[in-house]
Peer 1: 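Next up is a structure, given as structure tokens.
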Amino acid sequence: MTEVAIIGVGLHPFGRFGDKTAFQMGAEAVDLALADAGITWPDVHFAFGGSWEVAQTDPLTGLLGLTGIPFMNVFNACATAASAIQQTANAIRAGVGDVGVAVGLDKHPRGSFKVDPTLVNMPMWYAENGQYVTTKFFGMKINRYCHDHGISQRTLAEVAAKNYRNGALNPKAFRRKPVPTEDILASPMLNYPLTGAMFCAPDEGAAAVVMCRADIAHRYTDTPVFVRASQIRTRNYGAYEVNTSWAAVEEDVSPTVYASRAAYEQAGIAPSDVDVVQLQDTDSGAEVIHMAENGFCADGEQEKLVADGATEIGGPLPINTDGGLIANGEPIGASGLRQMHELVLQLRGQAGDRQVPGNPKVGYAQVYGAPGTAAVTILSR
Amino acid sequence: MQKAIADVFTWPSEAPQLIGSRCDDCGATTFPAEERCPRCGTATMTELLLPRRGTLVSFTTQGFPPIVPYAGDATGERFEPFGVGLVQLDDVVRVEARLTESDPAKLDFGMEVELQVVPFYTDEAGDEILTFAFAPVTDGAPSN
């Protein structure tokens with residue numbers, strides 16, 4: 001099968017940017033990725049774009065150049081960017097073109113806005129009754145997990161504190177100030193045992209990658225990063241996931257577990273081979289659970305791993321080295337591409353103050369979102 | 001007058017039950033009632049009244065007002081945090097529902113709970129809207 005390489009990455013900072021549009025941010029992210037690859041927009045054969053807020057992303061061509069290329073839109077909630085990555089890699093393998101761009105962009109409104117549960121096939125009463133709230137699912141899942149596996153609320157706070165610390169080292173992060181563990185524990189309780197400071201926030205931003213056939217990557221770069229696996233899974237019967245009013249008595253594992261197993265198999269890589277990790281930290285409890293669901297530890301080992309600093313940038317299992325969602329927020333269409341940007345910088349040794357030591361070779365990224373959709377991408381030098 | 005938030009529980013009733021459905025082919029059980037089976041995909045679902053009692057698989061609190069169309073006070077001025085739980089009803093199905101108890105210190109894993117129909121809000125026409133919630137059971141009787 002044709003191998004695929006990432007030859008350029010670009011990231012518009014995540015945060016709040018006033019009147020700047022999602023398209024402007026998306027175009028800047030693509031500009032950065034093209035410059036990183038040493039090419040220009042007319043060199044691009046096709047593109048995939050994803051966003052939650054804009055109707056479609058291909059009006060970007062009006063900002064980048066109306067070259068007439070195939071430009072496809074993908075949407076898969078929190079797995080949108082991961083889907084754009086997978087589709088771009090697969091299109092190169094299928095011969096759609098030799099050079100493709102995956103781009104994600106979003107600009108979520110501030111504060112509350114109206115939601116319609118029927119758009120995700122849930123009844124209106126589910127929202128009227130106060131259950132159409134994704135954060136309460138995460139509260140319920142981590143509460144049970146902590147009980148079953150001996151994870152303390154302090155560990156949840158320590159994980160958030162680590163991600164804020166990493167964000168402080170990342171000039172493009174939304175939250176750039178360390179937050180003391182005690183302040184995280186003392187912030188308002190949103191969904192027990194998760195406090196406000198343990199959650200990420202919706203915000204704005206864009207990210208892009210340029211990929212090409214691996215056999216021509218040397219034309220563009222001396223440091224190609226290869227897409228070793230990209231897997232997407234939805235829930236199986238028995239999994240209790242976001243946006244549901246019931247679950248089967250016979251429990252099944254989360255779709256992340258299936259996506260992760262398939263990705264390791266596709267890549268021929270084991271968890272112990274991974275040098276730098278990006279996990280979906282919608283909240284710090286999700287990071288804790290995802291450590292085990294992605295094979296990096298057994299259930300319950302997180303308590304000691306976090307206490308020992310294993311998941312810090314200098315630890316043996318560095319996780320969310322750019323601050324993750326907690327420090328960057330979640331512009332949904334761009335979030336999984338931010339993970340790619342970070343992994344590529346880390347594997348090239350270009351991550352600056354937050355560089356993982358020891359010349360990392362393998363990077364791993366996971367996203368998870370409603371209504372139980374997970375994606376895993378594995379990269380290596 | 002009193003009205004149910006939706007036709008998902010038996011009301012009026014001395015012993016209200018949630019209205020679910022069960023697949024005639026594979027036995028998969030859902031709440032609320034569905035037309036198509038989520039396990040085998042066939043349209044062979046039959047309505048099933050669910051057990052009134054169960055045990056708490058997990059729980060959390062809703063500490064901030066859900067956004068519109070939340071029918072309670074979404075402005076936050078009169079919002080009262082509420083509990084939410086995943087309740088296993090015998091060996092039939094697990095349902096996600098509000099809890100009458102919002103203090104996590106008074107909730108526990110495996111705790112026995114029972115379905116209640118409780119006042120939720122008063123609509124613009126002045127009708128009292130009722131919803132369903134699970135209440136902790138103590139000494140074999142609902143605690144409130």
Side-chain angles (χ1 to χ4, degrees), chain A residues 109 111-118 121-148 153 187-196 199 235-252 283 285 371, chain B residues 4-8 18 20 26 28-32 34 37-40 50 56-72 74 76 79 81-86 88-98 102-105 107-110 120-121 129 131-133:
Chain A
S112 62
F113 51 102
K114 194 175 163 70
V115 292
D116 180 353
T118 65
N121 198 35
M122 289 300 290
M124 189 56 78
W125 66 259
Y126 187 68
E128 292 172 348
N129 208 34
Q131 291 176 249
Y132 189 34
V133 180
T134 56
T135 59
K136 70 102 175 54
F137 164 80
F138 292 107
M140 201 126 53
K141 184 168 179 179
I142 191 62
N143 196 23
R144 165 85 184 272
Y145 193 89
C146 287
H147 173 259
D148 286 353
Q153 194 194 26
S187 82
M189 186 63 71
L190 296 192
N191 300 98
Y192 182 85
L194 298 170
T195 68
F199 278 102
R235 63 211 145 124
N236 276 273
Y237 182 78
Y240 170 63
E241 304 294 331
V242 185
N243 299 345
T244 184
S245 53
W246 67 276
V249 170
E250 318 91 76
E251 284 184 32
D252 196 10
D283 59 277
Chain B
I5 187 170
D7 190 19
V8 293
L18 295 178
C26 78
T29 305
T30 71
F31 171 75
E34 303 276 358
C37 174
R39 181 154 63 186
C40 64
L50 302 178
L56 210 46
V57 175
S58 192
F59 58 93
T60 186
T61 53
Q62 182 59 36
F64 60 96
I67 56 183
V68 177
Y70 178 57
F79 176 75
F82 56 90
V84 188
L86 184 66
Q88 180 161 328
L89 300 173
D90 293 342
D91 288 329
V92 177
V93 68
R94 293 174 172 183
V95 300
E96 185 191 279
R98 295 172 72 113
S102 62
D103 179 356
L107 296 166
D108 202 2
F109 302 91
F120 182 23
Y121 69 100
I129 307 301
T131 191
F132 62 97

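Proteins get letters first, then strands, A, B, ... in listed order; numbering begins at 1 in each. The shown structure was predicted, so the numbers you read here are calculated from the model rather than taken from an experiment.
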Peer 1: Let me confirm one number: the CG-CG distance from B:L56 to A:N143, rounded to the nearest 0.5 Å.
Peer 2: 9.0 Å
Peer 1: Is the backbone N or O of B:E96 less than 3.5 Å from a side-chain atom of A:Q131, with the two atoms forming a donor-acceptor pair by type?
Peer 2: yes
Peer 1: To the nearest 0.5 Å, how far apart are OH in A:Y237 and SG in B:C37?
Peer 2: 6.5 Å
Peer 1: Distance from A:E128 atom CD to B:I129 atom CD1, nearest 0.5 Å?
Peer 2: 9.0 Å
Peer 1: Using the test side-chain contact (heavy atoms from CB on, under 4.5 Å), find all partners of B:E34 that sit at least two apart in sequence or belong to another chain.
Peer 2: A:W246, B:S21, B:T30
Peer 1: So how far is it from A:N191 CG to B:F59 CZ, rounded to the nearest 0.5 Å?
Peer 2: 13.0 Å
Peer 1: To the nearest 0.5 Å, how far apart are OG1 in A:T135 and CZ in B:F64?
Peer 2: 3.5 Å
Peer 1: With a 4.5 angstrom heavy-atom cut-off, which part of A:Y192 approaches chain B: side chain, backbone, both or neither?
Peer 2: both
Peer 1: Quick one: sort the B:F132 and A:W125 rings into parallel, tilted or perpendicular, breaks at 30° and 60°.
Peer 2: perpendicular
Peer 1: Distance from A:K136 atom NZ to B:T61 atom OG1, nearest 0.5 Å?
Peer 2: 12.0 Å
Peer 1: Taking all heavy atoms of B:I5 and all of A:N129, pick out the closest pair and write down the distance.
Peer 2: CD1-OD1, 3.8 Å
Peer 1: With a 4.5 angstrom heavy-atom cut-off, which part of A:Y240 approaches chain B: side chain, backbone, both or neither?
Peer 2: side chain
Peer 1: Of the backbone (N, CA, C, O) and the side chain (C-beta and beyond), which part of A:A248 lies under 4.5 Å from a heavy atom of chain B, both, or neither?
Peer 2: backbone
Peer 1: Evaluate B:R39 against A:E250 for salt bridge (charged side-chain N to carboxylate O under 4.0 Å, His left out), listing each step before the verdict.
Peer 2: CA-CA 12 Å; B:R39 181 154 63 186; A:E250 318 91 76; 3.4 Å; yes
